[in-house]
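Every value quoted in this text rests on a predicted model; they were computed, and no experiment measured them.
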Amino acid sequence: MSSYEESLPDATSVAVVRTAELDRLQHLTWQPGSEGRLIAVFGEPGAGKTHLLSALVRDRQWTVLPAAVYRCSRSDREGTMNTVRKMLRRARLSSERHREPPGVTGLSRHRRQPDRELVVIEDAHLADERTIHELAGIAEGASPPLVDVVVSLRPRQTPEALTEAVSLGAAFGRTARIELASLSDEQMLAMTPVPPPYDLRRRSRGNPFNLRALQSLDHSARSGSDTAVAPFEFTVLTEVRGLTLNERYVLNAAAILRSRFDVELLAEVAELDGLVVSAAVRGLVRRDLVRVEPVGALFSVRDEVFGTLLRRTIDPCWATRAHQRALRLLSARGQVGTQLGFHLVSSLSRVRASELARIVDASYEIMETDVAECVSWLTPVIAEAPVSSEIGMRARLALSTAFGRIGRMTESRDLLFLVHESGGSVDPLVLAGQVASVSMVEAVLSQDVQTLGLLNEYLARPDLRRSPLWPRLVFARGFRTTMLGRIPGRAETERALQAARAGRDDLTAAGLLGLRALEATFSGEVERALADATDAGEMLDRAPEHLVARHLEGLFVVVLAHLYLGRYVDAQRQVRRGVDVARHCQRIFLLPALLVLLSESERHLGQLEQAREAANAAIIESGPDNSLRHTQAVALKSAAEVWMQPVGSGRARSLAQQALARQSPSQANVNGSASIAALTLARCAWLDGDPAHCVALLLNEGKGADLLTVPVAYRNTVWEMLCAAGMDAGMPLDGWVRRSQEHARAVPMPHNLAYADLTRGHLCRVRGSLAEAAQCYHDAADRFASVGMGIEQCYALGQAARVLGELGQADRSSRTARLAAEMAHRSGAVTMLDWLGRQVTVPVPAELEPETGPVEMFGRLTHREREIALLICTGMKRREIADRLTISMRTVDVHLTRIYRKTGVSSRMELALATRRKAAAHDYAARF
């Protein structure tokens with residue numbers, strides 16, 4: 001039997017993505033020594049074992065000792081097994097053969113030659129008992145081979161004796177065991193020139209064969225040609241070769257039933273006796289064509305892709321009757337629509353309206369768990385039902401929803417307009433709801449406004465204004481407005497919010513509160529914005545996952561409000577939940593946007609590594625087609641890299657240039673990606689000692705000092721950078737400082753006020769008021785600490801350390817820089833450490849040992865003082881602590897005074913660091 005991986009391309013044509021496994025194989029087979037070892041490569045069918053081993057063999061083809069390759073099969077046991085056994089018993093090669101013959105040097109690799117021959121045995125689980133016994137002996141060390149033996153095995157088909165021998169040998173170091181796990185997203189993207197969409201990656205479960213097969217099936221469905229699928233169908237036919245007639249019928253019936261079926265149901269669908277089916281199932285399980293479910297006496301076909309390919313090879317007439325039998329039996333058992341829909345679609349020999357209606361109903365149910373399945377069910381329905389019919393309109397609206405959820409915006413929008421223009425009698429509430437959904441998908445994926453006019457048309461209808469759907473329509477328009485970089489009007493949002501609360505539509509109310517919080521933020525009404533964002537967050541926290549999944553756009557807006565308000569911890573918590581829900585419930589179109597918000601929140605919290613990973617995930621999920629999010633993700637990755645890249649690497653600059661190169665004029669002012677990238681380039685120029693270039697880049701991006709083309713949320717950051725670079729370049733700072741102060745007064749949020757403190761500190765330093773500058777920098781650090789902005793806190797402390805050094809206070813300067821360096825170490829901010837080292841005369845050490853003084857002093861705190869210290873370090877305000885502990889604010893202040901005196905710290909941030917060091921010391925002590 002040929003391997004399931006045979007349809008994978010040859011190793012010479014496709015890059016090896018399992019580089020770690022290949023490196024280990026090469027290392028093991030090139031080690032010096034007289035004795036070889038057994039190396040077992042375990043992997044599921046299609047995991048890429050053949051591809052990996054062919055790359056290993058290809059690597060040795062120019063060596064003195066190339067590899068001998070054998071493949072075990074059911075059809076040719078005798079010849080192959082005898083050859084393999086002889087090879088295993090061969091004596092060591094003579095010393096003459098080890099000498100390098102003339103003329104070989106020019107062809108050999110430049111590295112040293114291997115000491116032993118290599119024998120590769122593919123599909124060794126199919127070997128006969130004698131060969132399995134010999135391989136087990138090699139694995140246990142009973143008979144060490146004089147060659148390296150690499151075997152590929154399937155976990156479920158490997159004889160138990162060989163599996164145990166390999167495990168025992170690996171435990172004692174005599175045998176190497178390599179497990180081929182599922183491919184990561186990065187590996188799956190690297191193995192194909194066309195990036196596979198998230199849906200195909202999810203369904204493939206990290207299996208290379210499955211991914212390629214799914215891509216071919218998708219191409220076949222779109223093009224109508226089966227040419228691309230033929231090699232995969234041939235592989236499946238090869239896999240089932242040798243089955244008896246009864247086993248083949250039972251396997252075909254299993255492919256029809258797909259999953260979670262029992263022997264009785266299988267026998268009815270296959271039309272065979274129960275005892276015959278039981279015997280056939282045992283054989284199919286041994287060959288890993290059918291698998292036993294973990295719970296109950298139930299079975300499933302091996303995997304979804306294998307079942308899909310197998311169904312394509314079944315006689316269509318027999319398959320149709322089998323689906324009808326399955327439908328009848330499952331209906332008699334009281335199965336739900338999601339379990340019947342597949343059989344309904346597959347058995348439409350005579351089109352009946354009742355069957356089509358059942359399929360549409362079932363598609364709405366399965367849409368929550370498997371959008372791809374939903375699309376496959378609805379596609380034949382719209383081919384049978386005209387758009388003018390009720391079923392035709394319902395099916396097209398359902399398919400429009402499904403396409404929207406997986407990001408196929410054009411198809412979703414086309415179906416919506418088709419139904420709208422058909423003039424059929426469709427429920428206006430259903431159509432209006434779909435208009436709102438498609439409009440929000442359009443808002444996330446592009447800046448098109450093709451559905452905006454349709455949305456406005458439905459919002460203007462008097463009959464819908466009194467319906468429970470009206471708040472959702474208002475939110476959809478507000479969401480569109482927000483995604484276009486504008487703030488929706490307050491009056492309509494207020495009315496819709498009242499209607500949503502009256503109708504107890506909490507999730508829509510949460511989204512409207514998020515919109516109202518954004519409007520209040522940009523109006524300078526920070527307290528009202530904070531209250532609305534808090535209420536919206538609490539509504540989302542109370543809502544179950546399935547309801548949040550239907551209103552993820554509302555969660556998106558609430559997270560956006562938290563980010564603008566500087567509440568990065570709340571934003572991170574909510575957006576992480578949103579990412580999990582979007583993945584689980586397949587709201588794929590929102591994933592890139594949510595991951596972008598996650599990267600933004602984590603970067604502000606100083607979690608640079610996590611921010612970079614979230615940006616990488618957003619780049620992968622957005623793909624080249626969604627340029628709006630792709631460029632934003634690349635820009636955010638550059639912003640994370642600017643402080644953590646190795647000094648002089650230029651990695652952040654390269655990413656920022658990539659982001660700017662992909663910009664279009666219509667996108668630049670909407671998602672801020674151009675401003676983020678320009679700020680990264682400017683910061684790189686400043687760090688490299690070219691402050692004049694930094695200033696020029698920022699003023700060019702902002703089209704002047706007023707920064708009118710920079711999003712409002714980033715303006716104070718840019719003004720601060722202008723002041724820092726202008727100070728080093730000897731430029732006047734007054735205009736930039738004035739604008740920063742005015743912006744902070746207009747939108748008085750902690751991070752805006754902190755950046756204003758920094759600009760004022762820069763101005764004081766230029767004017768020679770060094771003591772006042774140091775105080776401004778410390779005030780900025782405290783404000784950044786209050787919202788968890790760790791990197792900005794480090795930066796402010798570094799500026800303070802520099803001024804303190806200029807004041808001649810070397811000890812304070814060193815302590816401040818040391819405190820900042822400890823925080824930078826924790827964030828992995830390598831470039832920040834280098835910059836901090838240039839701010840003080842006493843160098844900041846590369847590796848810092850934690851100070852022990854404050855940690856030891858914690859033992860002197862009372863229980864109440866320790867409680868307040870921990871609460872203050874979590875970011876809680878004094879009023880919040882007083883309310884929580886039911887004490888007065890005066891009592892909190894007294895306790896804080898005692899805490900600072902006893903611990904020897906002078907600020908909230910030093911207290912937080914001391915607390916973390918104490919926790920780390922306890923963790924270390926607990927381990928030993």
Side-chain angles (χ1 to χ4, degrees), residues 568 603-609 611 639-640 642-647 683 686-687 717 720-721 723-724 727-728 750-751 754-755 757-759 761-762 765 770-771 773-807 809-855 873 875 900 903-917 920:
Y568 302 114
R603 178 172 63 87
H604 281 299
L605 290 172
Q607 301 170 8
L608 299 180
E609 182 67 32
V642 73
W643 287 120
M644 64 187 304
Q645 64 182 339
V647 177
R683 200 180 296 279
W686 177 64
L687 289 170
T717 310
E720 188 282 321
M721 189 74 257
C723 289
M727 177 174 59
D728 291 345
H751 57 290
Y755 283 119
D757 287 335
L758 284 175
T759 60
H762 298 327
R765 183 166 176 265
L770 298 183
Q775 185 59 51
C776 288
Y777 292 142
H778 276 295
D779 290 343
D782 283 336
R783 291 188 195 275
F784 284 132
S786 69
V787 290
M789 298 175 69
I791 295 300
E792 286 76 5
Q793 187 180 357
C794 291
Y795 173 73
L797 289 173
Q799 294 286 7
R802 181 179 176 181
V803 172
L804 290 171
E806 293 172 355
L807 282 168
Q809 301 178 21
D811 289 343
R812 283 190 64 193
S813 173
S814 177
R815 285 200 306 272
T816 303
R818 193 178 178 87
L819 177 63
E822 185 174 343
M823 299 173 67
H825 268 296
R826 192 166 57 247
S827 295
V830 178
T831 308
M832 173 66 78
L833 283 170
D834 177 73
W835 178 78
L836 287 170
R838 289 186 269 133
Q839 307 310 303
V840 292
T841 54
V842 180
V844 177
E847 293 295 334
L848 297 177
E849 296 180 3
E851 300 175 7
T852 57
V855 178
C873 292
Y900 290 144
T903 58
V905 299
S906 58
S907 67
R908 179 197 296 254
M909 55 192 164
E910 290 184 6
L911 182 63
L913 287 172
T915 306
R916 293 189 183 100
R917 288 197 295 268

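- When side chains are defined from C-beta on, Arg826 counts as touching Met823, because their heavy atoms get closer than 4.5 Å.
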Run the side-chain contact (heavy atoms from CB on, under 4.5 Å) check on Gln839 and Thr816 step by step: do they pass? CA-CA 11 Å; Gln839 307 310 303; Thr816 303; over 6 Å; no
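- Within the 4.5 Å cutoff, the side chain of Thr831 has no heavy atoms near those of the Met644 side chain.
- Between Tyr777 and Asp757, every side-chain heavy-atom pair lies at or beyond the 4.5 Å cut-off.
- Here the straight-line distance linking atom CD of Glu822 with atom NE2 of His825 works out to 8.5 Å at 0.5 Å rounding.
- In this pair, Trp835 and Trp686 present their aromatic rings tilted. The plane angle is within the 30 to 60° band.
- In this structure, Thr759 OG1 and Met727 CE are separated by 11.0 Å, a value rounded to the nearest 0.5 Å.
- A salt bridge links Asp834 with Arg838; the closest basic N to acidic carboxylate O contact falls under 4.0 Å.
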One pair to check against side-chain contact (heavy atoms from CB on, under 4.5 Å): Arg815 and Leu819. What are the steps and the verdict? CA-CA 6 Å; Arg815 285 200 306 272; Leu819 177 63; over 6 Å; no
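- The closest side-chain heavy-atom distance from His762 to Gln799 is below 4.5 Å.
- Nearest heavy-atom pair, Tyr795 versus Ala724, reported as atom, atom and distance to 0.1 Å: OH-CB, 3.4 Å.
- Residues Leu770 and Gln809 fail the side-chain proximity criterion, which asks for heavy atoms closer than 4.5 Å.
- Counting heavy atoms from C-beta outward, His751 and His604 have side chains that stay 4.5 Å or more apart.
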